[in-house]
Number of protein chains: 2
Amino acid sequence: MRMRQRLVIGVALFAWWCPVAPALAQAPSPHNLMPVPASVTFAAGGFAIDAHLGVKFDGYKDARLERAVERLLQRITKLTGVPIVRSGNVPALRITCGRGPSGVQKAVEDERYALRITTGGATLSAPTVYGVLRGLETFVQLIEQEPNGFAVRAVTITDQPRFPWRGLLIDVCRHWMPVEVIKRNLDAMAAVKLNVLHWHLSEDQGFRVESKLFPLLHQKGSDGLYYTQEQVRDVVRYAADRGIRVVPEFDMPAHTLSWLVGYPSLSAGKGPFELARAWGVFDPVLSPIDEKVYAFINRFLGEMTSLFPDAYFHIGGDEVNGNQWNGTPAIVAYKKRHGMATNEDLHVYFNTRVSAMLKARGKIMVGWEEVLHKNLPKNTVVQSWRGQKSLADAATQGFKGILSNGYYLDYIWPATRHYGVDPMGKDAANLPDEAKARILGGEACMWAEWVTPDTIDSRIWPRMAAIAERYWSPATVTDPGDMYRRLDVVSQRLDATGIVHRSNYQPMLERLAANRPTDALRGIVDLVEPVKDYNRGRRVEYTSLSPLNRLVDAARPESDEAREFERLVDALLADPAKSAGRDKVTARLEQWREDAKAVQSVLDSPLLQDAAPLVQNLTAVSALGLRALDALQKKTPLTLTPEETESLAKAIAPVAEVLLMVAPSVKKLVDAAK
Amino acid sequence: MRMRQRLVIGVALFAWWCPVAPALAQAPSPHNLMPVPASVTFAAGGFAIDAHLGVKFDGYKDARLERAVERLLQRITKLTGVPIVRSGNVPALRITCGRGPSGVQKAVEDERYALRITTGGATLSAPTVYGVLRGLETFVQLIEQEPNGFAVRAVTITDQPRFPWRGLLIDVCRHWMPVEVIKRNLDAMAAVKLNVLHWHLSEDQGFRVESKLFPLLHQKGSDGLYYTQEQVRDVVRYAADRGIRVVPEFDMPAHTLSWLVGYPSLSAGKGPFELARAWGVFDPVLSPIDEKVYAFINRFLGEMTSLFPDAYFHIGGDEVNGNQWNGTPAIVAYKKRHGMATNEDLHVYFNTRVSAMLKARGKIMVGWEEVLHKNLPKNTVVQSWRGQKSLADAATQGFKGILSNGYYLDYIWPATRHYGVDPMGKDAANLPDEAKARILGGEACMWAEWVTPDTIDSRIWPRMAAIAERYWSPATVTDPGDMYRRLDVVSQRLDATGIVHRSNYQPMLERLAANRPTDALRGIVDLVEPVKDYNRGRRVEYTSLSPLNRLVDAARPESDEAREFERLVDALLADPAKSAGRDKVTARLEQWREDAKAVQSVLDSPLLQDAAPLVQNLTAVSALGLRALDALQKKTPLTLTPEETESLAKAIAPVAEVLLMVAPSVKKLVDAAK
C-alpha cells in the first residue's frame, strides 16, 4: 500500500512544483536552505512526507540523537500538519553516525554531514553527533509543498561550517528573561546551525544566577529575578541536546553594581550601592588591589565553573572607566608602587590573576577586546566589539578571537548590513594564514536595554538567521536578494521552533489599539522601523523599569513593505513608461492614505499617545507621492511649497522613536518629478 | 518618588476609562471577568500596575504559592509590557492564605476567596491555597488600560465556585499530544478556574503511557508516541501547582485495541490485532470471563494508580458493542451458567471487579454512563455523555455524577450553545436537593479525531472559557451577549498563557496559501466554520494518519464575523430606513466580493484544492446580497432565477467540509427583499 503511494508521488515530483514565491515558478527553482550548505546538487524526483515517516539509525546512536529525531518529527508535524507515527516498514530517513561524543562539546568539533535524498528515501551520514544534528536541520528545511502534499526533493548535500564558533549573546540582566525565553531561542539557534549561547549573566542592573556560596549576589542583586542552579543545569542540558555550548559571562571588574549591593566591600569605592535602573558606564568597579576581592572571585569562580561544563568562561572586562580607581588613594599608591603607568596596566594585572584562577580550574578565559594584552595566556579568546581591528590585532599577537562588531542586534540594522560583515573582512583580510586560523567565528549580541521577554524574539529573529549564514556558509555566499528571499521563508518556518518573533506582533498591535480593530494600525506599523543604533531613549527617558509596550516596540526591525516599495519605486523611475509598476506604487500610496484615515478611530488609545505625528507624516507622504506620480505621468514638473518640502523632511526624521521607512522612497519620487 | 506616581494615577482613575470596546465607553463600564464572580462591587479609583509591584504573603505560604505569584507577574508583564521587579516598599498585593493543603487535592476543596482592591493596593484572602490560586487569576483579569498605563480598578469581590468538579477531557490517543500541549492547556485552564484534567490515555488508536510492568502496551500500542512515567509525574506536578487534579482514564473493556496489539490474549476474540487508524466502535474487547485478564488488570491498576495521586480513576466503560462476546461460545456459556441475561450484566460484573481492585488501592472509580448499575459502590462517579437523563438517574440512585453531554468541543458548536447547557438543567432540574448535591459538575470533552497539536488549542479555546463560566459562576449568569463580549477579551488575554488558539491561525493560512499573501484568504476563512457534530469525514475518508492541514482545519469553530454580520442584518431588517446599518452591510458584501476575486491568485495552492466551490459560493452570495440591499432600498421586489435560488441554497450547504456562515444571513436579506 505504502510503496504504491510513494511511487506515484515520486513521479509527480519529476515536475517539481515550487509555490514558495511567484518568482520561483520557473525551473530549476532555487532552494530555501539557510545557511546555504557548502555543496548542493539537486536531482529529479524526491519523496513524500507522510504519516509513516520512519527513521533508523545505522551507526552510533544515543538518547540525544533519539531526542533530536523526536523533535524533528514534531517540527515536521507542525510545519506540514501531517501526523507522524514512524510506522513505515522501509525507513524514509536512515542516519549513520560515525561515533559518539568524547566528553563535553568542544569549541571545535567535526560538524560535517552528508545528506543524500532520492525517491527511495534519505540518508544522512556524519562522523559525529554534531554533524547529525546539523544535517537533521537541513533535512527539515528541504520539505516543500508539492501538488500531492509535502515532500523533500532529491538532492545531494555535503556540508560543513566555515567557522567553528557561531554564537548568540543574550543579555538577561538589563531585562530579565525567564528560562522559556532562553529555551525557545536555543531551538531557533539550532535550526540555523548556531552552536554557542553566550549567556550574559551579570551586570549593573542584575545578577542572574543563584550563588550558594555568596547568596547576597542573587538575593540583593536581582529583584528576585534569577536562575536557580537547577534551572542553569537544565538550560545547559537543553542546549547540549541541540549541540549548543553555553558560555557564561560574569562581567568584571566593571559592570558589577549588582554584586556590590550585597557585597559592597568588593568595591574600590564606598557603598552602599543600589541596582542600576538606567544604563551606561558607571563608576563602581571591583577593587583590583584587595586580596579579599581575589579570594572572593576565586571561590565564586569555583562555584560557577562547576555549574557550566564548557571549557570557556567569559569574564567580560569591558568598559572600565577608571574613575573610581583614580579616586582611591590606596589604588593610586598601589599603581605607583608597582610601576603601573595606567589603569590599563592595573586592569591587565586583574585579568591575569583571574585568568590564572580559571586556568587552575581547567577553563579558558574569554574577554571583551579591552582585555587584550601580551601578558595574557595565548589561549585567551578576545571578543571584538568596538571594531574589527582588535580582532586582527589579537590574531596577530597569537590570541584566538571572535567578532561581535557589526553584529549588534540591538542596533536594529537591516539583516543585509549584518550580512555584509565578515569575521575575515576588513583588518583580518590581509592576515597571514596562521593568524587567520585563530579567528574562531562570530557572535551576534542581543543586549537587553530595549527588550522584554515578549519582544526579544523579534529583535533576534529573523535577522539572526542571516548572520548565522555568514558564520556557516562559504564566504562566497553574499547575494542580499537571495538572502532576503530565503530569510522570508526561514522566518515563517521558525514559528515551528516555538519562538514568537512573528506571533507576538498581532497581540502587541491589539494592545496598542486597546483591543480595537488593528487592520489600519498594522498597515502603518508595517511601514516603520525602530530608530537605529543607540538613538532610542534620546528623547524619552527610559530605565529598566519602563514599560516597553509602545509603537516602537511593536515595530519590526525591518519593514519588508518599505523594502518592497523602494524596489517598486526604483523600477518605476528606471522605466516610467511601464504602467504596471506605476499602478502598484499608486495602490500602495492610496492604501496608506486610507490607513492613515482609518487609524484615527484608535489613536485615542493610551499607548498610541505619541503616534499622531507619525500618522500626519504618512498622510503627507501619501499625498505628495500621489502628486509626484501624477506629475511624472503628465510630464509636468512638480513644485512644492516650502511647507510641503518641510513636511517631507519631517516625515523622514524619527517620530515616536520610529522611522517611516517609505518616506525616503517617496522623496525619490518627488525629486524625480521636480 | 513612587508614592507620588501612585497618587497621581489614583486620581486619574476616578474617571475610569475603559477602551476595551467602543460600547464600553459609558459609565459604569462592565467588567471583563470570566468566569463572573459570585459577587462584584466596583468603587471609584484603583491602582496602577508598574514595575515595582510588590507581593507579600501575610498568612500561610509555600513554594506552590510563590510559584503562582511568579507566574502571575510574568503573565502581567506579557499582558502589559511592564517589567516587574517587585521592589515596592509597600506591597501592592497582600495575600492572606488561611492554611496549607492537607494531602493531595480532593474533589471538593474550599475554593472561596475575597479580593479587595482600593487605591492603596489589593488584598486577597482565602481559607486555602486553592482559593488563593483562583483569586490570583481574578486579579490578573482585572487589569485594564487607562490613560496613564495599566491599572486595576477598585473593587470588592467575594467568590466561590458553583460546582466543585470543573473539567476538561483531552484525548491524546486519536492524535498524539506532546507534553507541551497538555501543559499550555493546563495554564489556560487555570486562567478560567477549571480544576480537573481528564486525561484520556488509552484507546483503540493508541496506548499513551509507559508501563514498566507491561511494556508491550506502550511499545506496541503507541507508534512510539507515549508519555514516559517521568513525564506523567511532571504533568501531574504541573497541574497540581495550578490547583488542577489529573484524573487518568484507561478505557476498558472496549476501546482497547491498542492493548491487544501487545497482549492479544487479553481479548475475548482472536488476534493478531493492529492499531486502529480509523475510528468508531470496534468489536475487539477484553474478555470478562478470563481470570488471567483480571490478574493483568489488577497488576496494571497497581502500577497506574501509583502514578496518579488523584483519588479518582476513570475506567471508561463506554461503547461495548457486545459482538465479540456474543461470538465467543465460552462467554455465551459463562453468561448462561451465571444467569446473566444480557451483555450489560456481564459488563456490570466486569466493572464490579475492577471497582473492587480500585477500592483496594484507595481509589474511587469513574466511568462513562454505560457503567451505571445499582450493584456498583455508591461513591462511583458516573459521567453522562449521551444525554442528561443518565445524570439524573445516577443521582437518583445515589451515585455522584458529572455532565459531559452538551459539552463536546469536537462538535464545533458555538460557545453560546454549550453555555446554555446546565448540569442542573433538564432531567436534573426537578431532582430533590439531596440528589442534586450528588451532581459534582461538568467536563468538556476534546476528542481528538480531528485535531493535531497545532489545531487542538483553537478547538478548545476560547469556547472552553464560556463552559468554565457555566461550571463556576452563579446559575443566573446566562446572558449570551455579555458572555461573547467578555469571551472576546478573555480569548485575547489567553494568548499570555501560552496557548496558540489565536497565534496558530496565521501560520495555517500561510501554509494553505503556500506562503503567498493571505489577506483575501483570511477574509474568506473568517466567514466559515467547520461542519458541525460528526459531519466531518462523511465525504472525505480520514484516518489518524491523514494530514489535518486543510481549510477546515484553519477555520475557527466560531466565525465572529458571521455573528456580527447576522446582527447587522437583523438590525437592518428591523429598521430598514437606517442608512448607517445599510452601509455597514454593503461594505461587508463588497469586501467579500473583492476577497473572492483576490483569493484566485492563491487558489492553485495544493492545500486549497477543495476551496474553489466555496469561493464561487461567496461570489454568488455577495452579489445576491448586494442586489437584495438595492431592492430593499428601492422598494422594488427582488426576483431570483431558479439558478440563483439554487446557488443560494448551495452556499448554505457544506463545501470543503466548512459552512459559509454568512450565507443564511444573506438569505434573510434576499427573503426580505422578495
Side-chain angles (χ1 to χ4, degrees), chain A residues 17 19-22 50-52 70 74 77-83 85-87 145-150 175-176 178 180 223-225 275 452-455 488-489 492 495-496 498 500 502-504 506-508 510-511 514-516 543-550 553 604-607 609, chain B residues 17 19-22 50-52 70 74 77-83 85-87 145-150 175-176 178 180 223-225 275 452-455 488-489 492 495-496 498 500 502-504 506-508 510-511 514-516 543-550 553 604-607 609:
Chain A
W17 186 92
V20 170
D50 64 23
H52 298 282
E70 275 301 320
Q74 281 193 21
T77 294
K78 269 198 194 174
L79 286 166
T80 62
V82 176
V85 299
R86 307 176 63 168
S87 62
Q145 285 195 40
E146 55 90 52
N148 294 308
F150 288 86
H175 281 94
W176 165 242
E180 68 181 60
D223 299 309
L225 302 171
L275 277 182
T452 63
D454 248 19
T455 61
D488 193 38
V489 179
Q492 290 194 21
D495 282 340
V500 300
R502 299 177 73 238
S503 63
N504 74 351
Q506 185 59 27
M508 291 196 79
E510 286 165 4
R511 183 166 65 196
N515 293 18
R516 290 174 294 177
T543 70
S544 58
L545 306 187
S546 309
L548 294 179
N549 55 14
R550 294 295 178 126
D553 299 296
D604 62 339
S605 301
L607 298 177
Q609 280 165 1
Chain B
W17 187 93
V20 170
D50 65 22
H52 297 283
E70 274 302 322
Q74 282 192 22
T77 293
K78 270 198 194 175
L79 286 166
T80 62
V82 176
V85 299
R86 306 175 63 169
S87 62
Q145 287 194 39
E146 55 91 52
N148 293 307
F150 288 86
H175 281 93
W176 166 242
E180 69 182 59
D223 299 307
L225 302 170
L275 276 183
T452 64
D454 248 19
T455 61
D488 193 38
V489 178
Q492 291 193 20
D495 282 340
V500 300
R502 299 176 75 237
S503 63
N504 74 350
Q506 186 58 29
M508 291 196 79
E510 286 164 4
R511 183 166 67 196
N515 294 17
R516 290 174 296 177
T543 71
S544 57
L545 307 186
S546 308
L548 294 179
N549 55 14
R550 293 296 177 125
D553 299 296
D604 63 339
S605 301
L607 299 177
Q609 281 166 1

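In what follows, every chain begins at residue 1, and chains take the letters A, B, ... in the order their sequences are listed.
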> Which residues pass the salt bridge (Lys or Arg N to Asp or Glu O under 4.0 Å) test with Glu180(B), sequence neighbours left out?
Replying inline: Lys78(A), Arg184(B)
> What part of Leu275(B) lies closer than 4.5 angstrom to a heavy atom of chain A: side chain, backbone, both or neither?
Replying inline: neither
>> Do Val85(B) and Leu225(A) make a side-chain contact, defined as non-hydrogen atoms from C-beta onward lying under 4.5 Å apart?
In response: yes
>> Given heavy-atom pairs under 4.5 angstrom as the criterion, report whether the side chain, backbone, both or neither of Ser544(B) touches chain A.
In response: backbone
> Side chain, backbone, both or neither: which part of Ser546(B) has a heavy atom under 4.5 Å from chain A?
Replying inline: backbone
>> Looking at chain B, which one of Arg86(A), Met508(A), Arg502(A) has the largest number of heavy-atom pairs inside 4.5 Å, strictly under?
In response: Arg502(A)
> Based on non-hydrogen pairs under 4.5 Å, which of Asn504(B), Leu607(B), Thr77(B) is most in contact with chain A?
Replying inline: Leu607(B)
> What are the two closest non-hydrogen atoms of Thr452(B) and Gly81(A), and how far apart are they?
Replying inline: CG2-O, 4.3 Å
> Looking at residues at least two apart in the chain, or sitting in another chain, which of them share a side chain to side chain contact (heavy atoms under 4.5 Å, CB included) with Pro453(B)?
Replying inline: Met177(B), Pro178(B), Val181(B)
> Heavy-atom distance under 4.5 Å to chain B: side chain of Arg550(A), backbone, both or neither?
Replying inline: neither
>> Can you give me the closest heavy-atom contact between Pro547(B) and Pro83(A), atom names plus distance?
In response: CA-CD, 3.9 Å
> Under a 4.5 Å heavy-atom cut-off, does chain B meet the side chain of Thr80(A), its backbone, both or neither?
Replying inline: backbone
>> With a 3.5 Å distance limit and no angle check, can you tell me whether Gln145(B) reaches the backbone of Arg511(A) through a side-chain donor-acceptor pair?
In response: yes
> Ignoring hydrogens and geometry, is there a side-chain-to-backbone donor-acceptor pair from Glu146(B) to Pro606(A) under 3.5 Å?
Replying inline: no
> How many angstroms lie between atom CZ of Phe150(B) and atom CG of Asn549(A), to the nearest 0.5 angstrom?
Replying inline: 5.5 Å
> For Gln74(B), is it the side chain, the backbone, both, or neither that has a heavy atom closer than 4.5 Å to a heavy atom of chain A?
Replying inline: side chain
